[in-house]
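Read the structure below first, then the notes.
In what follows, every heavy atom counts, from backbone to side chain, and hydrogens, waters and symmetry copies are set aside. By convention in this document, chain letters (A, B, ...) are assigned in the order of the sequence lines, proteins followed by strands, and residues within each chain are numbered from 1.
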2 protein chains.
Amino acid sequence: MAQEKNTEEQIIEAARKIFVKRGLDGARMQDIADEAGINKAMLHYYYRSKDKLFEIVFNEAFSKVVTPLGHILEGTRPIEEKIKEVIDHYITGISQVPYLPIFILSEVNQRPEIMIKRLNAQPSFGSIMNFMKEVIEAGKNGKIREVSPIQLFLNIVSLCIFPFVARPLVQGIFQQDNVQFDLLIEERKKMAADVILAWLKP
Amino acid sequence: MAQEKNTEEQIIEAARKIFVKRGLDGARMQDIADEAGINKAMLHYYYRSKDKLFEIVFNEAFSKVVTPLGHILEGTRPIEEKIKEVIDHYITGISQVPYLPIFILSEVNQRPEIMIKRLNAQPSFGSIMNFMKEVIEAGKNGKIREVSPIQLFLNIVSLCIFPFVARPLVQGIFQQDNVQFDLLIEERKKMAADVILAWLKP
DNA sequence: CCTTTGATTAACCAAATGGTTAAATCGGAT
DNA sequence: ATCCGATTTAACCATTTGGTTAATCAAAGG
């Protein structure tokens with residue numbers, strides 16, 4: 001193990017790894033300690049309890065995956081451009097942390113409470129609401145087909161995230177190795193935008 | 001609790017409820033026993049171990065959610081009709097068991113092994129392969145745009161399943177109650193097909 | 001040096017958990 | 001009524017697990 005770093009950050013790194021891989025219920029404090037190469041008591045010395053430690057890891061993951069959705073849709077370019085860019089950026093971003101979406105979705109489905117606080121303390125969804133208005137506007141102006149902005153948003157996120165969440169199934173059913181899967185994801189950056197824009201064409 | 005039924009089935013029902021809600025790691029044998037209104041030892045009397053019991057519940061869930069994908073695409077009607085129908089049927093089907101997709105995806109991501117056996121013992125994916133050929137054929141004939149059949153398949157499944165998997169997030173972000181969410185799902189039966197068919201238009 | 005203070009560890013603890021067992025109970029056949 | 005196998009239960013067991021504690025270590029300051 002690469003020691004050297006300060007204990008606090010070592011612990012967080014280890015906790016990230018174990019919690020994300022095994023979930024809150026499946027993770028063992030001892031495993032986190034082992035992963036960090038330290039004594040189990042240190043976990044409690046620095047972070048009180050398993051729940052507290054988990055909260056930190058979860059919030060961090062939530063920020064990486066959900067928050068970008070709030071920001072990335074800002075700007076003043078035409079809506080088609082925005083959509084193209086958000087899809088490309090988002091898939092690229094998730095590719096760096098492909099195991100986070102299923103982690104978040106699993107935990108949020110099992111314990112919706114952990115998300116409530118986070119959403120409230122997260123006013124960045126204002127920009128999503130802006131995007132919604134923009135969609136309605138563009139629909140009325142005939143620039144795009146008139147569609148439900150929520151459904152549009154859901155469609156974009158579905159096409160971007162689902163493949164990562166269903167990865168083992170996809171690879172199992174279509175007998176893909178990791179290289180093939182990465183290629184499939186790469187293709188989707190352009191394709192997902194094509195799908196959405198074809199639908200939006202007035 | 002409604003007693004009356006034979007113990008074996010009572011246990012399975014209780015196990016379904018607890019495992020699907022809490023996952024393998026989060027589920028407690030005692031909770032299953034309580035839910036079934038029987039002694040914990042009965043679980044082992046009828047089903048040896050927690051893992052064995054879980055396997056039954058998981059396989060059952062897998063059949064309900066994944067297997068239909070293999071069957072529903074059969075038949076000889078034009079491909080656009082098939083897609084429309086598969087989407088409508090599939091969303092309707094999942095609506096009856098909306099908590100199963102996240103259960104399956106969570107478990108499969110945590111323990112891909114449990115899926116491997118199941119996929120091998122499941123030759124019904126032959127019909128998916130048939131569908132793939134059909135897509136390529138239709139592409140060459142100019143009936144639809146030429147697209148990767150795997151991506152098409154993934155797009156369909158993404159649009160159908162993701163909303164159920166992300167339900168707490170969707171309801172949280174857009175402040176929807178259950179009625180509104182059901183409405184959103186109902187809308188998607190037609191909309192998801194529109195999205196796919198607009199993309200496929202040659 | 002010695003003391004102090006924060007960091008670290010081994011040992012420990014109580015509760016929870018999956019699983020077992022031996023005894024009790026039930027139900028039908030004789 | 002009695003026997004016999006299947007079913008059911010309470011009590012028990014070993015292990016795991018999150019968490020605590022008291023002792024040790026190490027560096028800083030005097």
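- Per the geometry, CD belonging to A:Q30 stands 9 Å off P belonging to D:dT17, to the nearest Å.
- Residues A:F181 and A:F174 keep their aromatic ring centres 6.0 Å or farther apart.
- In this structure, CD of B:Q10 is placed 14 Å from P of D:dT7, rounded to the nearest angstrom.
- At least one side-chain nitrogen or oxygen of B:R28 sits closer than 4.0 Å to the OP1 or OP2 atom of C:dG18.
- Heavy atoms of A:M29 sit under 4.0 angstrom from primed sugar atoms or phosphate atoms, though from no base atom.
- Under 4.0 angstrom from either OP1 or OP2 of C:dT8 there lies at least one side-chain N or O belonging to A:Y46.
- The shortest side-chain heavy-atom distance between A:L159 and A:I196 falls under the 4.5 Å cut-off.
- Aromatic rings of B:Y99 and B:F103 (six-membered ring for Trp) have centroids beyond the 6.0 Å cut-off, not under it.
- Within the 4.0 Å cut-off from OP1 or OP2 of D:dT7, not a single side-chain nitrogen or oxygen of B:T7 is found.
- Each of A:R48 and B:K40 lies near DNA chain D, and the nucleotide nearest B:K40 is the one positioned closer to the 5' end.
- In this structure, CG of A:N39 is placed 12 Å from C1' of D:dG19, rounded to the nearest angstrom.
- Legend: side-chain hydrogen bond (donor to acceptor under 3.5 Å, both in side chains) pairs involving residues 48-59 of chain A, not counting sequence neighbours, sorted by first then second residue: A:E55-A:K117.
- Rounded to whole Å, atom P of C:dC13 lies 17 Å from atom NE2 of A:H44.
- In this structure, the CD1 atom of B:I38 is 16 Å from the C1' atom of C:dT25, given to the nearest Å.
- Look at CG on A:D25: it is 19 Å from P on D:dT16, rounded to the nearest Å.
- Note: B:L105 CG to B:I161 CD1 = 6.5 Å, rounded to the nearest 0.5 Å.
- A straight line from CG of A:D31 to C1' of D:dG18 spans 13 Å, rounded to a whole angstrom.
- Backbone-only engagement by A:A27 is indicated by non-hydrogen atom pairs under 4.0 Å involving sugar-phosphate atoms exclusively.
- In this structure, the CG atom of B:D34 is 11 Å from the P atom of C:dT17, given to the nearest Å.
- Distances from the side chain of A:M42 to the nucleotides D:dT21, C:dG18, C:dA7 place C:dA7 closest.
- Checking C:dA10, C:dG18, C:dT8 against every side-chain atom of A:Y45, the shortest atom distance belongs to C:dT8.
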